[in-house]
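The block underneath contains the structure these notes are about, expressed in structure tokens.
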Amino acid sequence: MVFRIFETLVNPLKDEVPTRPPVKLFAFIWHYAKPYRWLLGTMIITSTVIALLEVFAFQRVGVLVDLAANAGSENFLALHGTELALTVLIIALIWPLMSVLDDLILLQGVMGNMAMSIRWRGHRYLLRQSSSFFADDFAGRVATKLMQTALGARETAVKLTNILIWGTVYFGSAFLLFFANDPLLTGPLVLWLITYVITMRYFVPKMAAISERQSEDRSMLTGRIVDAYTNIGTVKLFSTGPAEDAYAREGMQKMLGSVYGQMRLATGLSAILHLINGLLIASTLALGLILWTNGHISLGAVAFAATLSLRLQGISHYFLWEIANLFENIGTTQNGMELLSKPLSIVDKSENSLRIKNGSIVFDDVTFSYGKETSVIGNFDLALQPGEKVGLVGRSGAGKSTLVNLLLRLHDIESGEIRIDDQNIAHVTQDSLRSNIGVVTQDTSLMHRSIRENIAYGRPSATEEEIITAAKKAEAWDFIEGLEDKKSRTGLDAHVGERGVKLSGGQRQRIAIARVILKDAPILIFDEATSALDSEVEAAIQERLDDLMGDKTVIAIAHRLSTIAAMDRLIVLDQGRIVEEGSHNALLAENGLYASLWKRQSGGFIGTAEDAA
């Protein structure tokens, strides 16, 4: 019950609009630490009290030694029993209670929750990055940076508000008590502190720099390994195991360079600490006894100084490693911050939702170049009437898939407008736009989840009956019934593996078609939707798709022209421009590019000297 109280003081998975984190280090950390500000503030108080209590305990030992020496064994309890009881109460009860409270706040309230809330908020923000963002990086590297940065930012916030405060108060109060006993007694401590600070100033920045480099090396290595696992089929087909070994070894050797550098610094740091701590203990004990023999301090003061010096040996190691670890986490956070703080390239310009009435689509003087000098789509105009079925035809690289991606607003156009029912898609939310468009692509990728979750992905509220009906319409139900994964989950409950690798290409395609059937969006896009299907299954599905298309507006891309020949209109693209348009028969009569492509396919051959020319 007590644990649960502290665990629920802050909701780590709060549902709020994800925002871009700041690009400055401490502003970045505060962005994620702000919900925990009251817990962190309380930890500052508890850390201060605990540090004072510990130093007080050593001071009381010295005081009680003096009292015992003066009173003698027979009179000590009678004269000083109250002081002893008070000391025992503080050390045995108050100190542990404060430590438990500090642990509850730190371990139950902050440690688990804060790291998870950083991952939650960072993940939601990353999901809103463009497709290009993920295409330019390893998925494994992005995920690793998210996980590492969450830990780095949490550790930085905790250590700044807890360890640093505790250490500062501890060392400060120890110095004051040394000075109170005799200013001369502070000599070894002052020299030790100066040497300690110099050691920190030398080693900590070096460890921070090498830690940042190691974080980058670790992310790179993870990306290389995950890349091989994700594309294991290609690795097997091309027998490139040795090449992948070398690729991973190169990454591991690079990371080992930073690991060895870090370990060398750690050994050097530890050696210096052992040396200066030994000198502190020996010099404090020797000086204390000299001052005692000269009558400058009491025996209790010697006991206090000696025992606290012994304690400082352990504390100094702990504190310096915590400082080094703090800078390591700062380095890790800075490394990940560059990725997590990147601005979104595609943002909603308003909160307006797309409202579909008829489903007309207009490309009005659209230009797009992927940021290059030459336009992929240039001054493009195309209008689709409500319910019209249009096929896009052209050689590879003609701009067919680019047009579809622009309609889905996976990229922002550079000039012109794209309108759906007279609504500029740049002025409606991306979610509302894409929720009204059903898409089946050639490269079908499924989630590593159950068949049920994959089919219902576009409509999670669908009933079991609706999911099964969609699967049957997509000619997928027969093979779904026979599925069983390695955990003995069957049918709709069977999991499909990463990207759906446990299914054949045709099976994945049918699941994707079932998903679109269930989504039932008013606009449909088919990008080589039946390319992975055999002719018999394709023919069966084609009838289902004809029913599905009904009065919907449809854009279909297919290199196999027979699959789109019956469309209302065919648009022939070349270098991002419309070069021909019309019905199948009309385009054949023109004897242009479409007729050439058709003859090449229907003639049963690929490529001739004339085609090459």
Side-chain angles (χ1 to χ4, degrees), residues 115 118-119 122-123 126-127 129 131-156 203-271 321 324-342 443 445-448 485-486 495-503 505:
I118 295 172
R119 291 174 185 136
H123 171 66
L126 287 174
L127 278 180
Q129 289 285 5
S131 301
S132 300
F133 173 89
F134 293 97
D136 292 338
D137 212 332
F138 288 118
R141 181 175 176 273
V142 174
T144 300
K145 280 187 176 287
L146 174 62
M147 299 299 285
Q148 288 183 173
T149 304
L151 294 177
R154 179 199 68 186
E155 290 300 301
T156 302
F203 281 96
V204 169
K206 290 182 179 296
M207 296 192 76
I210 205 165
S211 177
E212 183 175 358
R213 184 179 130 206
Q214 188 179 119
S215 175
E216 179 63 31
D217 291 346
R218 187 185 300 112
S219 298
M220 173 273 298
L221 176 59
T222 304
R224 290 188 178 197
I225 292 173
V226 172
D227 192 40
Y229 295 163
T230 304
N231 296 284
I232 192 65
T234 304
V235 174
K236 298 293 185 185
L237 287 174
F238 286 87
S239 300
T240 54
E244 288 302 320
D245 290 345
Y247 190 53
R249 183 189 294 113
E250 182 187 1
M252 291 181 184
Q253 286 176 335
K254 190 172 188 298
M255 184 174 173
L256 273 176
S258 58
V259 170
Y260 289 152
Q262 185 183 48
M263 294 303 103
R264 289 168 188 165
L265 285 171
T267 303
L269 175 59
S270 183
W321 283 117
N325 190 246
L326 167 64
F327 278 87
E328 286 182 23
N329 284 296
I330 287 175
T332 299
T333 304
Q334 286 177 320
N335 184 261
M337 187 175 65
E338 297 171 9
L339 182 84
L340 295 180
S341 296
K342 280 189 176 180
D443 182 21
S445 178
L446 303 181
M447 300 292 189
H448 186 11
D485 63 23
K486 65 179 182 180
H495 284 223
V496 300
E498 188 173 3
R499 296 176 62 84
V501 294
K502 294 182 180 179
L503 304 180

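Basis for what follows: all heavy atoms, side chains included, without hydrogens, waters or symmetry-related copies.
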* To do: Report the C-alpha separation of Phe133 and Leu339 in whole Å, then their side-chain angles, then the decisive distance to 0.1 Å, and conclude whether the side-chain contact (heavy atoms from CB on, under 4.5 Å) test is met.
  => CA-CA 10 Å; Phe133 173 89; Leu339 182 84; 3.7 Å; yes
* **Polar contact flag, side-chain donor to acceptor under 3.5 angstrom, Arg218-Gln214** => yes
* Asked: Going through the distances and angles, do Thr332 and Glu155 end up as a side-chain contact (heavy atoms from CB on, under 4.5 Å)?
  -> CA-CA 10 Å; Thr332 299; Glu155 290 300 301; over 6 Å; no
* Between Lys145 and Asn335, does a side-chain contact (heavy atoms from CB on, under 4.5 Å) hold up when you go through it step by step? -> CA-CA 8 Å; Lys145 280 187 176 287; Asn335 184 261; 2.2 Å; yes
* To do: Could you tell me the separation between the OH atom of Tyr229 and the OG1 atom of Thr222, rounded to the nearest 0.5 Å?
  => 10.0 Å
* Applying side-chain contact (heavy atoms from CB on, under 4.5 Å), run through Arg141 and Glu216 and close with a yes or a no. => CA-CA 9 Å; Arg141 181 175 176 273; Glu216 179 63 31; 3.0 Å; yes
* If you look at every heavy atom in Leu151 and Asn329, which pair is closest and at what distance? -> O-OD1, 4.1 Å
* Asked: Counting only heavy atoms not in Met220, do more than 12 fall under 6.0 Å of its CE?
  -> yes
* **Separation of Gln334 CD from Thr149 OG1 (nearest 0.5 Å)** => 11.0 Å
* Asked: At their closest point, which heavy atom of Thr144 faces which heavy atom of Ser219, and how far apart are they?
  -> CG2-OG, 4.0 Å
* Tell me, yes or no, whether the heavy-atom count around Lys206 atom NZ, taken from other residues, nucleotides or ligands under 6.0 Å, exceeds 12. => no
* Calculate, to the nearest 0.5 Å, the distance between atoms CE and CG belonging to Met263 and Leu256 respectively. => 11.0 Å
* Structure fact -> Closest non-hydrogen atoms of Leu126 and Phe134, given as atom of the first, atom of the second and distance, are O-CZ, 3.2 Å
* Asked: What are the two closest heavy atoms between Met252 and Ile225, and how far apart are they?
  -> CE-CD1, 4.1 Å
* Asked: Donor-acceptor pair, Ser258 side chain versus Met255 backbone, under 3.5 Å?
  -> yes
* Separation between OH of Tyr247 and OG1 of Thr240, rounded to the nearest 0.5 Å -> 12.0 Å
* Asked: Do the charged groups of Glu244 and Arg224 touch, with an N to O distance under 4.0 Å?
  -> no
* Asked: If every non-hydrogen atom of Ala150 is compared with every non-hydrogen atom of Arg119, which pair is closest and at what distance?
  -> CB-CG, 3.5 Å
* Asked: Measuring from Lys502:NZ to His448:NE2, what's the distance to the nearest 0.5 Å?
  -> 5.5 Å
* To do: Would you give the length of the straight line joining atom CD1 of Ile210 to atom CD of Gln262, rounded to the nearest 0.5 angstrom?
  => 6.5 Å
* Asked: How far apart are the closest heavy atoms of Leu221 and Ala248, and which atoms are they?
  -> CD1-O, 3.8 Å
